[in-house]
Each structure stands twice: as structure tokens, then as C-alpha cells.
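Contents: one structure, followed by commentary.
Only this structure's heavy atoms are used, side chains among them; waters, hydrogens and symmetry mates stay out. As the structure lists them, so they are numbered: ligands from 1, and atoms in each ligand from 1. From a predicted model like this one, the values you see are computed outputs, not experimental measurements.
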Amino acid sequence: MNILDKIIFDKQREVVLKKSIIPISQLESSVFFEREIISLSQKLRESNSGIIAEHKRRSPSKSIINNNFTVEEVVKGYEDAGACGISVLTDGKYFGGSLDDLLLARASVNIPLLRKEFIVDEYQILEAKAHGADLILLIAAVLTREEIKSLSEFAKKLGLEVLLEVHNLEELQKSIMPSLDMIGVNNRNLKTFEVSLDYSKQLASQIPDEFVKVSESGISSVEAISELKPFGYKGFLIGENFMKTDNAGEAATEFIKQL
Ligand SMILES: O=C(O)c1ccccc1NCC(=O)[C@H](O)[C@H](O)COP(=O)(O)O
């Protein structure tokens with residue numbers, strides 16, 4: 001079993017357990033169900049920098065990235081740096097994140113928040129809404145076309161935006177549908193962890209213009225962004241490059257200043 005299969009196996013069991021503890025009615029009673037989202041796709045269209053900065057404590061490819069800051073310090077730093085949005089990893093077992101991180105982020109900043117999670121069930125989309133997210137991630141590598149359709153339509157009904165992540169042409173072709181807002185190309189192969197910006201470059205021309213194009217993972221220099229912009233990318237998701245420093249917010253500030 002590769003790591004992605006393991007993550008999904010664990011996630012499916014986790015969702016079953018959570019459903020038995022926290023009923024949907026409790027999620028739906030959250031104050032955030034009344035809240036109108038802040039659109040990341042609009043911010044990216046209007047931005048010159050397009051940075052989506054990620055809160056990421058650790059990952060399967062790097063055991064510890066950073067555990068020294070509070071969520072509030074990191075996300076406030078990202079907002080002050082001028083990030084268009086923030087991605088908050090909520091998976092506990094593999095990334096050391098939680099839904100509390102998302103809630104604390106929501107309480108700290110007023111820019112779009114992505115619930116970065118391995119979504120396999122509508123319940124997790126209700127959780128995202130209940131904890132203040134503006135958008136969700138769907139990963140084509142682990143979902144069928146029918147699942148992408150029903151999950152993305154469910155998210156749209158709740159007023160959330162949808163970022164669909166692909167890594168190759170097959171995943172892209174099976175996924176294109178009107179209920180998506182942004183299409184992200186992950187430069188990291190989630191089965192082998194190999195990283196290359198070539199994935200973004202090769203897939204760019206196949207992504208229809210109505211979707212905002214986002215390049216994800218392995219971006220560690222402003223030069224990388226200059227290379228990707230001519231391919232039509234408007235969003236750049238960066239985690240480790242900021243989180244591995246002594247001050248993620250300052251690192252993001254210095255980075256964005258150079259764009
Ligand atoms: O980051 C990993 O090792 C990873 C492994 C398996 C599944 C997902 C993984 N990462 C999630 C992400 O998409 C990245 O955190 C995000 O794109 C930022 O990447 P980076 O800038 O390289 O930290």
C-alpha cells in the first residue's frame with residue numbers, strides 16, 4: 001500500500017468514528033453556517049503575487065517541518081505578509097493538524113481559508129464550513145468523477161469554493177466540471193514524493209481558462225513563480241518553504257516583496 005492509500009484508508013475509518021460522535025445537526029448549528037465566504041478565486045484573479053501560504057507542522061515526506069509557533073502567529077504573519085489565502089492542514093495523523101487549527105486561523109485572520117484535507121465524505125465538507133473555511137480541496141487521485149461531482153456540488157450548495165487537485169492528464173480529464181472554481185496541479189507525486197515544476201508546466205495548456213490555475217508544492221523561490229506565471233498560473237501554494245524557517249510570516253513577507 002502506498003502512503004496515499006494508507007492516508008485514505010485511515011481517513012475513511014476516522015470519518016465513520018467522527019460521525020458517530022458529532023452529529024451533523026451539531027455541525028450545522030455552528031455560527032459559521034451563517035457566514036458568507038471570502039472568495040479565493042477572486043483574490044487570485046486580482047492579485048499579482050497569488051501566494052496561498054500553508055500552515056504545515058509536518059508531512060509524510062518531511063517528518064518535522066516546524067512545531068514551534070502557534071497557529072495564530074503563523075496565520076497572522078501570512079495575512080500581514082499579503083498572502084491571498086491560507087491553507088490549513090487539518091489531518092492529525094500524518095500532518096499534525098486539526099480542525100481546531102482551522103478554527104483558530106478563522107478567529108485570527110480575514111482572508112480566505114482552505115481546509116487542506118483528504119476529503120472522502122460530505123461530512124468533512126460540513127466540518128469545513130462549521131470551522132470557518134472558505135474553500136475545500138478535492139484530490140482527483142483518490143476520487144472518481146462521480147465522487148468529485150457530488151462532493152463539489154455539495155460544497156457549492158454550502159457556499160464554499162472548490163480547489164480540485166490533479167497530478168496528471170488522466171486525473172485532469174476525468175475531473176473537469178462546472179462545480180469547480182480552481183484547478184491545482186500538484187508538483188509532488190503523492191505516491192513517491194518526487195517533486196518537479198514540470199508537472200505544472202506540462203498540464204497548464206490543458207486546463208480550461210474558466211478555472212483559476214494554481215501550482216502546488218515544491219515552490220521554494222521567486223524564480224519558480226516567474227517560471228510558472230507565463231503558463232497562466234495565478235495561484236501558488238507554498239508550505240514547507242515558509243514553515244521551515246524561524247518565522248513563517250517574515251519569510252512570506254520577504255518572499256512576496258520580491259514578486
Ligand atoms: O507534503 C507531503 O509530503 C504530502 C504527502 C502526501 C500527501 C500530501 C502531501 N502534502 C500536501 C500538500 O499538498 C502540500 O502540503 C502543499 O502543496 C504545500 O507543499 P510544500 O510547499 O512543498 O510544502
I'd like to know if the side chain of [X] pairs up with that of [Y] as donor and acceptor (distance under 3.5 Å, no hydrogens or angles considered).
X      : Y      : answer
Glu153 : Ser179 : no
Tyr199 : Glu194 : yes
Glu250 : Thr245 : no

Q. Parallel under 30°, tilted from 30 to 60°, perpendicular over 60°: which one fits the rings of Phe242 and Tyr78?
A.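 It falls in the tilted class, 30° to 60°.
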**Q.** Hydrophobic cluster identity match, Ile136 and Leu158, side-chain contacts under 4.5 Å
**A.**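 Linked within one cluster.
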Q | With Val185, the side chain to side chain contact (heavy atoms under 4.5 Å, CB included) member among Leu228, Ile207, Val214 | A |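 The option that passes is Ile207.
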With the criterion set at N/O pairs under 3.5 Å, what does the list of contacts between the protein and ligand 1 look like, atom names and distances included?
unit_1   : atom_1 : unit_2 : atom_2 : d
ligand 1 : 1 (O)  : Lys56  : NZ     : 2.9
ligand 1 : 1 (O)  : Arg188 : NH1    : 3.1
ligand 1 : 3 (O)  : Ser59  : OG     : 3.2
ligand 1 : 3 (O)  : Ser61  : N      : 3.2
ligand 1 : 3 (O)  : Ser61  : OG     : 2.5
ligand 1 : 13 (O) : Lys116 : NZ     : 2.7
ligand 1 : 15 (O) : Glu54  : OE2    : 2.5
ligand 1 : 15 (O) : Lys56  : NZ     : 2.9
ligand 1 : 17 (O) : Ser217 : OG     : 2.6
ligand 1 : 19 (O) : Ser217 : OG     : 3.4
ligand 1 : 21 (O) : Gly239 : N      : 2.8
ligand 1 : 22 (O) : Arg188 : NH1    : 3.4
ligand 1 : 22 (O) : Arg188 : NH2    : 2.7
ligand 1 : 22 (O) : Gly218 : N      : 2.9
ligand 1 : 23 (O) : Lys56  : NZ     : 2.7
ligand 1 : 23 (O) : Glu240 : N      : 2.8

